[in-house]
Number of protein chains: 2
Amino acid sequence: MRILLVEDEKHLSDNIKKGLSEAGFAVDAAFDGEEGLYLATTETYDCIILDIMLPKMDGVKICETMRLKGYKTPILMLTAKGSVEEVAQGLDSGADDYLTKPFAFIELKSRIQALLRRGQTEASPVLRVADLELDPGKHTVSRAGKGISLTPKEFSILEYLMRHRGEVVTRTMIIEHVWDINYENMSNVVDAFMATLRKKVDKNRSVKLIHTLHGVGFKISTKP
Amino acid sequence: MRILLVEDEKHLSDNIKKGLSEAGFAVDAAFDGEEGLYLATTETYDCIILDIMLPKMDGVKICETMRLKGYKTPILMLTAKGSVEEVAQGLDSGADDYLTKPFAFIELKSRIQALLRRGQTEASPVLRVADLELDPGKHTVSRAGKGISLTPKEFSILEYLMRHRGEVVTRTMIIEHVWDINYENMSNVVDAFMATLRKKVDKNRSVKLIHTLHGVGFKISTKP
DNA sequence: AGACGATCTTCATAAAATCTTAATTTACTC
DNA sequence: GAGTAAATTAAGATTTTATGAAGATCGTCT
C-alpha cells in the first residue's frame with residue numbers, strides 16, 4: 001500500500017511518515033501544494049493525506065483539481081481544530097474523510113485503513129437520507145428502490161444537500177457550489193431547481209425530505 | 001451581528017449583502033469612502049469590510065483614520081488580485097485581515113467569522129442556557145431536546161440574547177444589532193417579537209428563561 | 001451547417017410566511 | 001391610584017417562496 005503525505009510542517013510530517021512506515025505502508029512526502037499535486041497526478045497511490053493549509057496551493061484546491069481530473073484515490077484531509085468551514089470545504093471538494101489537528105497517530109492509522117477498506121468493497125460511499133439514496137460514483141439516485149433520473153445540475157444540488165443533511169444550506173452556498181464563483185446571481189435559479197427536485201423526489205410521497213427554512217435556505221432531512 | 005460593508009461596485013456589494021444577510025448578519029452598505037468612514041465612526045459594528053479602491057477616500061485612509069481615533073473594530077480589506085502593494089499598505093494601516101478579489105463567498109464568510117471569534121471568548125459553536133440550545137451553524141433551536149422553529153428575526157434576537165446571557169440587553173441594543181441602519185423605529189417591534197419568542201420558548205414551561213427588567217430591557221437566564 | 005432534444009435560465013404570478021404597526025389590556029413604580 | 005412601561009393581539013403591509021411556462025443555450029447527430 002502506497003500513501004502520499006502532503007504536509008508542510010517538517011516535524012509532523014516526519015512523525016507521520018515514521019509511524020506509517022512501521023505499519024507497513026510505503027510513504028512519499030511532499031512539503032507544499034504544487035509538489036503534492038504533481039506527485040498525486042504522476043504517481044499512483046492507494047491513499048492521499050492532505051493538509052489544508054499549505055504553501056503554494058492549499059489542500060482544498062489540490063483535492064478539487066484531482067476530482068475534476070477524474071482521480072478517485074481516497075483522500076483524507078487534515079484540518080485545523082474547530083474550523084467547521086475547513087471541514088465543509090474539504091468534504092465538499094471531494095475528500096473522503098477528515099481529521100482535526102491535533103490527533104492521535106492511532107486515529108490517523110485507523111482512518112486510513114477504513115478508507116482503504118472502503119475502496120475495495122464499495123467504490124464510493126452512498127449518501128442516504130431515509131429511503132433516498134444517491135451514489136456519487138455511479139451517478140444514480142433512487143427513492144424506495146425506484147430509480148430517479150436527474151439532470152446534471154439537479155444531481156449536483158441534491159448531492160450537495162445530502163452531504164449536508166440535517167443542516168441548513170443557503171441559496172448562496174448552493175450557487176457557489178454548483179455554479180462557479182463569478183456567477184452573478186440575482187435570479188431565482190435555485191428556487192426553480194428546488195421545484196423540479198421536489199417534483200422528482202418528494203411528489204406523491206407522504207414523507208417529504210426537502211424542507212424550506214423561510215428566510216434562510218433549504219435542508220434535507222426526515223424531520224422538518 | 002452587525003456588519004458595515006464599504007464597496008463601490010453596486011453589483012458586488014448587493015451580492016455580498018445578500019449572502020451575509022442569509023447568514024444572519026445585519027448589513028449596512030456604504031458606496032464611497034466618506035460615507036463609509038462616517039458610518040464607521042457614528043454607528044457601532046461588529047466587523048467592517050473595506051474595499052481599498054473607493055471614490056472620495058480609499059480604504060487604507062479610512063482604516064488609518066479609525067485606528068488613529070482608537071476604534072478597535074475588526075477590519076477586513078478587499079484588495080485587487082496580485083497587488084502586493086495594496087496588501088502591505090492595508091495590513092500596515094491596521095486592517096486585521098485581507099482577501100483578494102475575486103473570492104468565493106464562503107471564503108469571505110469564514111474570514112469574517114474568524115475575526116468575530118477572535119474578538120470574543122472563543123465562541124463555542126452551540127449556545128446554551130439551561131435546557132435551551134441554539135446552534136448558529138445549523139440554524140436550529142431546541143428546548144429540552146424538542147426542536148423549536150423560529151423566523152429569521154426571532155432567531156437573531158434570541159441569538160443576541162443568548163450571546164449576552166445573564167446580562168441586560170436594552171431595546172436599543174437589540175434594534176441596533178438585528179436591524180440595519182435604514183430602520184427608523186419608534187414602535188414596539190422588539191416587544192412584539194419578545195411576545196412571540198416567549199410564546200415559543202417559555203410558554204407552558206415551569207422555568208421561564210426570558211425576563212423583563214422594567215425600565216431597562218431584557219435578559220435571558222435561569223434566574224430572574 | 002442545421003435541426004433536434006435536453007437542459008438551463010428567466011420571468012410572471014400566485015401563495016405563503018414574516019414583519020410591522022397600532023390599539024388594547026395588563027403590570028409595575030412611586 | 002395615577003402615570004408609565006410592557007405584554008398581547010390581530011390586521012394590514014411587505015417580503016419571500018413556489019411553480020409553470022416561455023425563451024435561451026448547449027450538445028449531439030445527421
Side-chain angles (χ1 to χ4, degrees), chain A residues 139 141 148-158 160-161 168-175 177-180 182-204 208-220 224, chain B residues 14 17-24 26-27 139 141 148-161 168-175 177-180 182-204 208-220 224:
Chain A
H139 226 267
V141 179
I148 295 175
S149 104
L150 299 181
T151 69
K153 284 258 180 340
E154 287 165 1
F155 186 88
S156 187
I157 292 174
L158 185 61
Y160 186 63
L161 281 170
V168 188
V169 169
T170 67
R171 289 181 174 70
T172 305
M173 285 165 73
I174 294 176
I175 286 280
H177 249 85
V178 177
W179 283 261
D180 69 47
N182 303 309
Y183 187 79
E184 302 199 341
N185 163 55
M186 282 290 120
S187 77
N188 66 339
V189 232
V190 175
D191 298 70
F193 274 102
M194 292 316 285
T196 69
L197 261 182
R198 278 185 160 128
K199 209 180 292 177
K200 295 184 177 180
V201 171
D202 274 346
K203 200 171 182 194
N204 301 326
K208 308 294 179 194
L209 296 177
I210 300 174
H211 306 282
T212 303
L213 286 105
H214 208 276
V216 190
F218 302 93
K219 179 174 86 168
I220 197 161
Chain B
D14 284 348
K17 179 163 181 172
K18 180 155 167 282
L20 290 177
S21 302
E22 275 180 3
V27 182
H139 229 271
V141 178
I148 296 176
S149 107
L150 298 182
T151 70
K153 285 264 183 329
E154 288 165 1
F155 187 90
S156 262
I157 293 174
L158 185 60
E159 179 178 356
Y160 186 64
L161 282 171
V168 188
V169 168
T170 66
R171 289 182 175 68
T172 310
M173 285 166 73
I174 294 176
I175 286 282
H177 268 85
V178 175
W179 280 262
D180 65 40
N182 300 313
Y183 187 73
E184 300 207 350
N185 157 279
M186 284 295 116
S187 78
N188 64 339
V189 234
V190 176
D191 298 74
F193 273 104
M194 292 317 285
T196 69
L197 261 181
R198 278 185 161 127
K199 207 179 291 178
K200 294 184 177 180
V201 171
D202 274 346
K203 200 171 182 194
N204 301 326
K208 308 296 179 194
L209 296 177
I210 300 173
H211 306 283
T212 303
L213 286 103
H214 208 273
V216 191
F218 303 93
K219 181 175 83 167
I220 197 161

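So that the names make sense, note that chain A is the first sequence line, chain B the second, and so on, each numbered from 1. Here the structure is a predicted model, which is why all the values come from computation and not from measurement.
Here dA7(D) presents its P atom at 13 Å from NZ of Lys208(B), a figure rounded to the nearest Å. If you measure from atom CG of Leu213(A) to atom P of dA18(D), you get 10 Å, rounded to the nearest angstrom. Here dA15(C) presents its C1' atom at 14 Å from CG of Asp191(A), a figure rounded to the nearest Å. If you measure from atom CD1 of Ile175(A) to atom P of dT9(C), you get 8 Å, rounded to the nearest angstrom.
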Heavy atoms under 4.0 Å is the rule here; annotate nucleotides 18-24 of chain C 5' to 3' with B where the base is hit, S where only the sugar-phosphate is, and - elsewhere. SSSBBB-

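Distances shorter than 4.0 Å separate some side-chain N or O of Arg171(B) from OP1 or OP2 on dA6(D). In this structure, Lys199(B) reaches the dT9(D) phosphate: one of its side-chain N or O atoms is under 4.0 Å from OP1 or OP2. Residue Thr212(B) has a polar side-chain atom (N or O) positioned under 4.0 Å from OP1 or OP2 of dA7(D).
Lys200(B) contributes a side-chain N or O that, together with a main-chain N or O of Ser149(B), makes up a donor-acceptor pair within less than 3.5 Å. Put simply, the side chain of Glu22(B) gets close to the backbone of Thr172(A): a donor and an acceptor are under 3.5 Å apart.
Taking the screw axis at each terminus of the helix from dA1(C)-dT30(D) to dC30(C)-dG1(D) from five consecutive base pairs, the angle between the two is 40° to within rounding of 10 degrees.
For the side-chain contact (heavy atoms from CB on, under 4.5 Å) test, residues two or more places apart in sequence or in another chain that qualify with Asp202(B) are Arg143(B), Lys208(B), Leu209(B), Ile210(B).
If you check every strand for non-hydrogen atoms under 4.0 Å, Phe218(A) touches sugar and phosphate atoms only.
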